[in-house]
Protein chains: 2
Amino acid sequence: MTERASASPYLTIKNDLLSQIRSGQLRPGDAVPHEETIAQQYGVARATVHRAMRELAEEGFVERKRRAGTRVAAVGGRTTKVDIALVRDEIERTGAPYRFEILKRDILSGDPFGQRILRVDANQPVLYLEILHFAGERPYQLEERWINLDVVPSAETQSFQASNPNEWLIETIPYAEAEHKFSAQNANAHQGAALDVPEGEALFVIERRTALDAKMITYVRMLHPGQTYAMAATDFSLSTKN
Amino acid sequence: MTERASASPYLTIKNDLLSQIRSGQLRPGDAVPHEETIAQQYGVARATVHRAMRELAEEGFVERKRRAGTRVAAVGGRTTKVDIALVRDEIERTGAPYRFEILKRDILSGDPFGQRILRVDANQPVLYLEILHFAGERPYQLEERWINLDVVPSAETQSFQASNPNEWLIETIPYAEAEHKFSAQNANAHQGAALDVPEGEALFVIERRTALDAKMITYVRMLHPGQTYAMAATDFSLSTKN
DNA sequence: TTTAATTTGTACGTATGTATT
DNA sequence: CAATACATACGTACAAATTAA
């Protein structure tokens with residue numbers, strides 16, 4: 001058994017089906033009995049079966065269509081969940097003390113990259129920050145951040161003493177929408193020097209664009225030495241073959 | 001409004017609350033009215049409100065505790081969903097024709113790395129494969145794969161003509177559990193030559209360990225030139241401050 | 001093309017269980 | 001130990017989508 005049995009009928013049903021799918025008793029394309037049928041088998045209400053099935057569908061194990069019924073989904077890839085924690089938490093979880101240093105802080109007025117990425121007009125000022133995050137004495141992450149001062153003007157005068165810019169932004173605009181991209185790039189001379197790795201070293205890069213109501217708030221690049229950094233993903237669901 | 005309004009009462013309620021959270025009307029730590037209260041406000045049953053709230057909780061926007069009630073969650077990071085498609089689909093989606101080449105195929109009998117990673121005893125045979133996936137004429141992904149022949153003995157005699165090894169494994173054992181890790185590393189001479197990039201080039205690496213009932217099936221490393229490859233993650237939910 | 005039958009999707013109102021204060 | 005608010009479940013009803021006649 002891959003998950004522990006549970007008291008809740010809906011979880012029992014869900015886990016039973018999951019076992020049958022994983023064991024190969026139910027193969028992709030096979031029909032799963034109707035909700036009504038399963039309800040009678042287990043002696044529960046249809047709503048209870050429905051919840052089990054809905055969750056299995058959300059997790060990608062089955063596909064459901066009205067009138068057509070429920071079938072085991074065709075596997076065509078995988079979907080995983082990735083947690084991107086606050087650097088501070090990530091570092092302190094390892095036991096190392098956290099601190100950060102602001103390496104650069106500029107108001108850019110004619111920066112085409114920042115203006116394009118934040119979707120602001122020319123001559124709109126943009127705050128650029130370069131921050132180095134330390135795990136103990138080791139540089140852990142180099143952060144390159146652009147902030148849209150049009151949306152968050154108070155960032156201009158912030159000292160970022162207790163909270164680093166990311167933490168401060170989260171306090172200010174907690175529930176902005178974000179878009180992430182992960183990639184690998186070679187460290188240039190400046191990045192290598194900051195992170196204390198040779199130029200050319202492979203860096204693991206997380207990019208994040210944060211917006212609220214179609215207004216860009218900030219764009220950030222988080223660079224990690226590839227030798228020491230790895231991002232873990234927890235198995236979440238399966239994606240269908242389309 | 002960030003999501004379109006919907007006919008379903010539970011979605012209306014969910015979106016309404018989401019708007020209030022995003023707009024800052026409801027700040028982290030704030031209490032959300034009781035299910036009963038909201039139900040009366042909207043003139044719906046409590047179960048309807050419950051579903052909206054449960055989904056908001058699953059997505060990380062609120063935290064619920066019996067007796068204590070529901071509060072807007074403290075933001076402490078982000079959780080994103082990453083789709084890892086089949087290489088074939090990924091490449092064909094760009095319009096390029098897909099093909100693959102098996103560069104190496106060995107039965108390893110005394111390979112400590114393969115035995116350790118697949119958790120098999122010494123002298124247990126392990127199938128090692130090196131596969132190059134092409135998008136048109138460009139090498140797109142270099143795949144290094146170890147297969148546990150104890151669990152999947154038929155892999156030994158497979159020709160991998162129509163289906164590549166990954167596709168074949170998915171057909172054979174569709175619903176195995178997987179664990180992923182993403183990282184960056186510098187290409188060694190061999191990897192660089194295969195992928196047609198200079199030695200030292202930053203590679204984006206996806207590692208996957210696949211198991212069924214605590215038995216390791218396969219371990220694979222998928223290497224992509226960092227210049228061209230980026231992995232997109234879709235905003236999924238927010239993780240709490242713990 | 002229209003209609004009917006089937007199956008999932010949502011909702012209701014009530015009831016009981018359970019963790020937490 | 002009691003009260004509270006969430007968690008699950010029941011049985012029924014109707015809506016929506018899709019297939020089949």
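Naming convention: chains lettered A, B, ... in sequence-line order (proteins, then strands); numbering from 1 in each chain.
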Visitor: Holding to side-chain hydrogen bond (donor to acceptor under 3.5 Å, both in side chains), I want the full list of residues that pass it with B:R119, two or more places apart in sequence or in another chain.
Guide: none

Visitor: Got a sec, which residues hit side chain to side chain contact (heavy atoms under 4.5 Å, CB included) with B:R221, two or more places apart in sequence or on another chain?
Guide: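 Residues passing side chain to side chain contact (heavy atoms under 4.5 Å, CB included) with B:R221: B:F113, B:E144, B:W146, B:V205, B:E207, B:Y219.
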
Visitor: How many Å lie between CD on B:E63 and P on C:dT21, as a whole number?
Guide: 13 Å

Visitor: Angle between the end axes of the helix from C:dT2-D:dA21 to C:dT21-D:dA2, five pairs per end, to the nearest 10 degrees?
Guide: 10°

Visitor: For A:R138, does the CZ atom sit with more than 12 other heavy atoms under 6.0 Å from it, leaving out its own atoms?
Guide: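 Atom CZ in A:R138 is not packed in, count stays at 12 or less.
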
Visitor: Rounded to the Å, how far apart are A:Y10 OH and C:dG17 P?
Guide: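 Rounded to whole Å, this separation is 19 Å.
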
Visitor: Could you list the residues that satisfy side-chain hydrogen bond (donor to acceptor under 3.5 Å, both in side chains) with A:T218, not counting sequence neighbours?
Guide: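 With sequence neighbours excluded, A:T218 shows a side-chain hydrogen bond (donor to acceptor under 3.5 Å, both in side chains) to A:R145, given in chain and number order.
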
Visitor: Which pairs, with at least one residue in residues 67-76 of chain A and sequence neighbours excluded, count as a salt bridge (Lys or Arg N to Asp or Glu O under 4.0 Å)?
Guide: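 Non-adjacent pairs meeting salt bridge (Lys or Arg N to Asp or Glu O under 4.0 Å): zero.
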
Visitor: Looking at DNA chain D, which of residues 40-56 of chain A put a heavy atom within less than 4.0 Å of it?
Guide: A:G43, A:V44, A:A45, A:R46, A:T48, A:R51

Visitor: Extract from the structure each pairing of a protein N or O with an N or O of nucleotides 4-6 of chain C at less than 3.5 Å, listing the distance.
Guide:
from: C:dA5; atom 1: N3; to: A:R67; atom 2: NH1; distance (Å): 3.1

Visitor: Nearest heavy atom decides the nucleotide; on that basis, is B:K65 or A:V32 closer to the 5' end of DNA chain C?
Guide: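 Counting from the 5' end, the first nearest nucleotide belongs to A:V32.
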
Visitor: Sorted by first residue and then second, give each ring-ring contact (aromatic ring centres under 6.0 Å, His included) pair with at least one member in residues 147-171 of chain A; sequence neighbours left out.
Guide: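 The answer is A:F160-A:W168.
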
Visitor: Expressed in angstrom and rounded to an integer, what is the separation of B:L11 atom CG from C:dG9 atom P?
Guide: 13 Å

Visitor: With a 4.5 Å cut-off on side-chain heavy atoms, are A:I217 and A:N148 touching?
Guide: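 No; the side chains remain at least 4.5 Å from each other.
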
Visitor: Show your reasoning for whether ring pair (Phe, Tyr, Trp, His ring centres under 6.0 Å) applies to A:Y98 and A:Y140.
Guide: CA-CA 10 Å; A:Y98 168 76; A:Y140 179 86; 8.9 Å; no

Visitor: Are side-chain heavy atoms of A:E137 and A:R99 found at a separation under 4.5 Å?
Guide: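 The answer is yes, as the side chains (C-beta and beyond) meet within the 4.5 Å cut-off.
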
Visitor: Given side chains that start at C-beta, do those of A:I84 and A:F182 come closer than 4.5 Å, heavy atoms only?
Guide: yes

Visitor: Of all residues at least two apart in sequence or in a different chain, which pass the side-chain hydrogen bond (donor to acceptor under 3.5 Å, both in side chains) check with B:H180?
Guide: B:R208

Visitor: Looking at residues at least two apart in the chain, or sitting in another chain, which of them share a side chain to side chain contact (heavy atoms under 4.5 Å, CB included) with B:R66?
Guide: none

Visitor: First and last nucleotide of DNA chain D in contact with chain B, 5' to 3', at under 4.0 Å to a heavy atom: what are they?
Guide: D:dA3 to D:dT8

Visitor: Mind checking ring pair (Phe, Tyr, Trp, His ring centres under 6.0 Å) for A:Y42 and listing every partner two or more places apart, or none if nothing turns up?
Guide: none

